[in-house]
Amino acid sequence: MNTFHLSGYPRIGAKRELKFAVEAFWKGAKSEAELQETAAEIRRLNWAAQKAAGADLLPVGDFSFYDHVLDLLCTLGAIPKRFGFDPANLSLPEYFQLARGNATQFAMEMTKWFDTNYHYIVPEWHADTEFKVNAKNLIAQIKEAKAQGHDIKPTLVGPVTLLWLGKAKDDNFKRISLLPKLLPAYAQLLRELAAEGVDWIQIDEPILSADADANWIKAVETAYQEFAHTGVRIIIGTYFASVAEHLNLLKALPVHGVHIDCVRAPEQLSVFADAWPQNKVLSVGLIDGRNVWRANLSKVIDTLKPVQEKLGNNLWIAPSCSLLHSPQDLAVEEKLDAEIKNWMAFAAQKLVELGVVKQALAHGKDSVKEAIAASDAAAADRATNKKIHNDAVKARVANLPEGADQRKSPFAERIKAQQAWMNLPVLPTTTIGSFPQTTEIRQARAAFKKGELSAADYDAAMKKEIAYCVEVQEKLELDVPVHGEAERNDMVEYFGEQLAGYCFTQFGWVQSYGSRCVKPPIIFGDVSRPEPMTVYWSAYAQTLTKRPMKGMLTGPVTMFKWSFVRDDIPLSAVAKQIALALNDEVLDLEKAGIKVIQIDEPAIREAMPLKKAQWDEYLAWACEAFRLSSTGAEDSTQIHTHMCYSEFNDILPAIASMDADVITIETSRSDMELLTAFGDFKYPNDIGPGVYDIHSPRVPTAAEVEKLLRKAMEVVPVERLWVNPDCGLKTRGWQETTEQLEVMMDVTKKLRAELSQTK
Ligand code: GLN
Ligand code: ZN
């Protein structure tokens, strides 16, 4: 039989039990014992579901109270010294303090795991970082699984990826220099697991899928040479992109197998299948671990059959990556359209699919006839169903004329037409869109959704918020005000709810970080806009002020990146459809007198493929989609965009090619380093570098803001420069927001006065 295994499963519980238990523990409402009980129950149910589906090797170590990278740091005794904790006796409250900070120490940083929306805790590496294994938590879970009668395969992040993903916290110190200290500790950990009777272990080295430098790839070789005699059999896990370029390295390593992701990189399957040694395991991931769609089982089986003929039982089957990134169980959804539901598979259903594949490989397709017929029927339905396929949308994309993505005139002419009516002062001021989302706003939205608040009362409540928001901006004399986004739950969901082709689940949660979960919208079909989405609120806001009200939209890349996306057409096609739907909105806003329109693209950087070789192709269509969304707008209409959360230095030409009239961008946290890059590159259009960090309630001093703004004036021509915060203000309170903006305005006015003197 071909081994069916997996490296991880959703750990928050089908109804987010872990989230609620952890948060209750933080509040003191649950004891540690109660929390441990909830955790053990989640593990028990997860393993039972995997076993019931026919899994042969169940994961251990995929469970975590906060983050599995942090857990590994604890297991290796490599927690930051600054907390003053004893790594050998770390308590659960101390563990949470590492992740969340305490009275004297800020939290460890977190960042997104490759191109997923999962955030891991970033290791802090110092020249004097020491490693000392303390595997008691992991071993306890191994014993727990075994006591429940399971065959297991612990899964850990590999040492090289772990080092690589951390940050060097000392000057003149390279992360990789810790390798000689880390490897013996890691080997010790493997030996301790072997002593526990662990036979197989999966060690994930996704660094192999990224474009890491040669010295890092060399480190992989060094590491696994060193682990050759630890007494466990190692399968190296890779995912999210091809590792075909490392085929020879992987073949030569003294490990027992490798797992490859053949959903994200199907082309690597034949490379591996042709050359893989028969005495080593090749695990093939053909069931998508990070999306919500049912697999085409016939195709999967047909693809695997020849590999099975070559490798026999050394072909293993698994999801493409850990199921951590997938929602847990479709069965609990009560409100999804039955047809759409039939096209989907969450983690629990993916297990069943793998069970079917395993069965078919062992006993032929006929042994699982019914399951295959159901899968075939779903695939056939998806190919033609009118809920997905909208001929008008397809035709519109297909018939876009040459140059459809270009504005009417170049920037130099547009900006004149804009300045002619906008009459903005030098250093114009604006914000990024959202203002504080107060409890009252959230309650009003929730009550309206539940039917407890009438449409008229909801309308009045939102208008009151908008009016207040505009009034505050009037008092501050912000040049380009916004309506504040009070009516929006989330910048993607708000639009997704109004676009055809999107649907929503009740319980499709995935862990984002710690106890925080997100429920991404699902793009299942061709996207179009039945009705205007924002015109009503923006037009109302415009009646309250003579200043040009800025309309706010979420851009095409961000709209798909923070959703689950259909896998039956290329992403570029999805992006174009969304762009055209947004374009309808842009033109309607314009008609309604909203002639400044911001199209946010905070996700443009994180949607980049892992491999640099694929960047240009991605950026070409991503930037085209952005341009398409504002196509047809008058020269006098000013298009803004906004970006944050990422480093943009290496994609400046692409950002320029988006041709927004104004870009506002997060810079203050990096002390305007990014801005220097914009200056060196000579970014052609207007730019508003954030002059203060909105992630903190702290009100910046005038001196701080002035320093940043003067720095900006050194690198950006003053007539191109805008003044604004770093990002949206929705997470802040009104008090601090007003004070922060007052400082920003005072400094701006001071510099304006100075500039008018020198003229
Ligand atoms: N317009 C959005 C806001 O202000 C932008 C959010 C973001 O950049 N992520 O909230
Ligand atoms: Zn932002």
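We count ligands from 1, going down the list as the structure has it; atoms in each ligand are counted the same way. Please read these numbers as outputs of a predicted model, since none were measured by experiment. No hydrogens, no waters, no symmetry mates; every other heavy atom, side chains included, goes into these values.
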(message) Taking the cut-offs as 6.0 angstrom to the six-membered ring centre and 45 degrees off its axis, would you call R488 and F495 a cation-pi pair?
(response) no

(message) Looking at every heavy atom in both P548 and P481, which two are closest together, and how far apart are they?
(response) O-CD, 3.3 Å

(request) With R627 as the cation and W621 as the aromatic partner, state whether NZ or CZ is under 6.0 Å from the six-membered ring centre and within 45° of the axis. (result) no

(request) Would you mind listing which atoms of ligand 1 come within a distance below 4.0 Å of any non-hydrogen atom of C727? (result) 7 (C), 8 (O)

(request) May I ask you to check whether H642 has an N/O atom sitting below 3.5 Å from an N/O atom of ligand 1? (result) yes

(request) Could you tell me the residue and atom name of the protein heavy atom closest to atom 1 (N) of ligand 1, and the distance to it rounded to 0.1 Å? (result) D600 OD2, 2.7 Å

(request) Tell me whether the guanidinium CZ or amine NZ of R516 lies under 6.0 angstrom from the six-membered ring centre of W509 and within 45° of its axis. (result) no

(message) If I apply the N/O under 3.5 Å rule, does I432 come out as touching ligand 1?
(response) yes

(message) Tell me whether K519 forms a cation-pi arrangement with F507, defined as NZ or CZ under 6.0 Å from the six-membered ring centre and within 45 degrees of its axis.
(response) no

(message) Quick test: of every protein heavy atom, which one is nearest to atom 9 (N) of ligand 1, and how far off is it to 0.1 Å?
(response) Y645 OH, 3.4 Å

(message) With heavy-atom distances below 4.0 Å as the criterion, list the atoms of ligand 1 near G728.
(response) 3 (C), 4 (O), 10 (O)

(request) For G433, counting its heavy atoms only, list the atoms of ligand 1 lying under 4.0 Å from any of them. (result) 4 (O)

(message) Under a 3.5 Å cutoff, is there a donor and acceptor pairing between the side chains of E739 and W734?
(response) no

(message) Distance alone, cut at 3.5 Å: any donor-acceptor contact between the side chains of D526 and Q577?
(response) yes

(request) For K730, counting its heavy atoms only, list the atoms of ligand 1 lying under 4.0 Å from any of them. (result) 10 (O)

(message) Starting from atom 6 (C) of ligand 1, what is the nearest protein heavy atom, named by residue and atom, and what distance separates them?
(response) M491 SD, 3.5 Å

(message) Working to 10°, measure the angle at the Zn ion (ligand 2) formed by atom SG of C727 and atom NE2 of H642.
(response) 130°

(message) To check your reading of the model: name the closest protein heavy atom to atom 3 (C) of ligand 1, its residue, and the distance in Å.
(response) S434 OG, 3.3 Å

(request) Of the side chain and backbone of M552, name the one, both, or neither that has a heavy atom under 4.0 Å from an atom of ligand 1. (result) side chain

(request) Check the angle between the aromatic planes of Y458 and W537 and answer parallel, tilted or perpendicular using the 30° and 60° thresholds. (result) perpendicular

